[in-house]
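Proteins come first, then strands; the chains are lettered A, B, ... in the order of their sequence lines, and each starts at number 1.
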There are 2 protein chains.
Amino acid sequence: MAKSPQRAAGTHRRDAQGTRLRLLDAASELFAERGYERATVRDIADRAGANQALLFRYFGSKKALFGEVMARGGQEQLRSTPAERLFEVALRGMLAGGGEDADRSLEVCLRSIGGSDEIADALRGLGEEYAEVLATLSESDTGGLRGDLALSWLLGIGLMRVVVAKEPLASADPDTVCSLVVGALGGLLEGLPTGDGARRVGGDGAGGKAAEGRESGGNPG
Amino acid sequence: MAKSPQRAAGTHRRDAQGTRLRLLDAASELFAERGYERATVRDIADRAGANQALLFRYFGSKKALFGEVMARGGQEQLRSTPAERLFEVALRGMLAGGGEDADRSLEVCLRSIGGSDEIADALRGLGEEYAEVLATLSESDTGGLRGDLALSWLLGIGLMRVVVAKEPLASADPDTVCSLVVGALGGLLEGLPTGDGARRVGGDGAGGKAAEGRESGGNPG
DNA sequence: CCCTTGTGTAAGCACCTGCTTACAAACGTA
DNA sequence: TACGTTTGTAAGCAGGTGCTTACACAAGGG
């Protein structure tokens, strides 16, 4: 997987850029799977099929490698998505789980929380950018707080679903989850559209009625 | 603080129960402050004013100590609080932060997430009980999922406020936060009352209007 | 007094961590 | 071929971890 094609068997071709990239990919995977602390440089180098000394030659330290991993992914989604769709896109990305080239930055953060203060700083930095965009969806003077609360829910859902694997959330249908969350969040961020998946909510009882109540209540836009 | 009173200066009285309790308290504090991994047995023993060998004599292993810490606190709140008030009580407890004898179990979980799979199991176990109660607040067939989503928000808020310290959420007024969250959550858990703090939401814009829309929409009780 | 039992203590063990160093093998060039 | 540079490798270092062991002190009883 993700192995350089011009790699003969037995003999090692010298390809600095290639091994650097393989190290970056392996680090991205392992950070997402185990978090910063539990992903050791030996494991990362092993998965990349490289020696750990190369890791330090190319990146200097484990923390610097973590920084490059976080800087690589994560922010394209943030900039290529319009504000009113950012929440649903991020939520769906998290619900879809670790696909081939999915953005696992949030997952990395979630699993690395306890690691060190610098990791918390990194998550705060990424959170600033998301929350800042989300805050624009409310015209209230508590817009910043509302953006934080929306982001909190996003991360909390990722926490329970991806990290803790709590049922029934862990294997719930992404459409259903997205619908419930986006519907309830309409009360916080009035600029949030109901979106694609926010319409069909499987078979729902009285709760769905309340969500629809917000819709019929009129979207002040 | 929390030191046995019959402890003379200089001379050490032999009090197994006392040191056991001091170890338990120190562990509770340090697990909450740093999470499971970063709280070392040496630090715990030091804070308790005891030798780390005693820690292993009394508890067997670090994981067993963690288990006793988690088992001690945490569940009284769960059982002494009626379902429809559980969310707000837990949220307010988390917003209030680590008071004297506050229940920091959730905080411990949040900071220990990445630690090991057993820690995730512990959090899942605690989450089961909370989500199970919250699920009773919806009569929908997606009640379990709704309970999980509410719990996710609770933990996400704790994550961003206590661990990440993201502003403006970190220093936001608990009443305001509680009001916004409980209001928005009314769309998910129709059995959730607006509660004490869910009424006065400072100066709010159109978002509050939507929340009121749910109220006037009628609570199908 | 000696002896046994329970409590507290220091030193150490085996292992793992991030990181470094000395060296071998593959190139490019002359 | 011979040389220097770049890439890859194995071994090791200093420090920290959970946990153990050997031992010193305080009781209580004969």
When you measure from the side chain of B/F56, which nucleotide among D/dG18, C/dT9, C/dG18 comes out closest? D/dG18
note: B/L55, atom CG; D/dT20, atom P; distance rounded to Å ~ 11 Å
Quick check on contacts: within residues 34-43 of chain A, what sits under 4.0 Å from DNA chain D by heavy-atom distance? A/R42
Between B/D117 and A/R38, is the closest basic N to carboxylate O distance under 4.0 Å? yes
OP1 or OP2 of C/dG8 under 4.0 Å from side-chain N/O of B/T19: yes
Separation of atom CZ in A/R20 from atom P in D/dT7, rounded to whole Å: 12 Å
Are the side chain of A/R111 and the backbone of A/R34 linked by a donor-acceptor contact shorter than 3.5 Å? no
Salt bridge present between B/R20 and B/D25 (N-O < 4.0 angstrom): no
Over all strands shown, is B/A53 touching base, sugar-phosphate only, or nothing at heavy-atom distances under 4.0 angstrom? base
Are any of B/Y58's side-chain N or O atoms less than 4.0 Å away from OP1 or OP2 of D/dC19? no
Whole angstroms only, please: what is the CZ-P distance between A/F66 and C/dT17? 18 Å
Look at B/E68 together with B/R72 and state whether they make a salt bridge at an N to O cut-off of under 4.0 Å. no
Which nucleotide, C/dA10, D/dA10, D/dG12, lies nearest any side-chain atom of B/N51? C/dA10
Whole angstrom is fine here: how far is it from CG in A/L30 over to P in C/dG18? 11 Å
Between A/R124 and A/D121, is the salt bridge (Lys or Arg N to Asp or Glu O under 4.0 Å) condition met? List the steps. CA-CA 5 Å; A/R124 195 177 313 118; A/D121 291 344; 2.9 Å; yes
Between C/dA10 atom P and B/Q52 atom CD, what is the distance in whole Å? 11 Å
In whole angstrom, what separates A/L54's CG from C/dT20's P? 14 Å
A/W153 side chain to B/A150 main-chain N or O, any donor-acceptor pair under 3.5 Å? no
Does A/K62 make a cation-pi contact with A/Y36, if we ask for NZ or CZ under 6.0 Å from the ring centre and within 45° of the axis? yes
Whole-Å distance separating the NZ atom of B/K63 from the P atom of D/dG18: 11 Å
Atom-to-atom span, CG of A/D46 to P of C/dG18 - whole angstrom: 12 Å
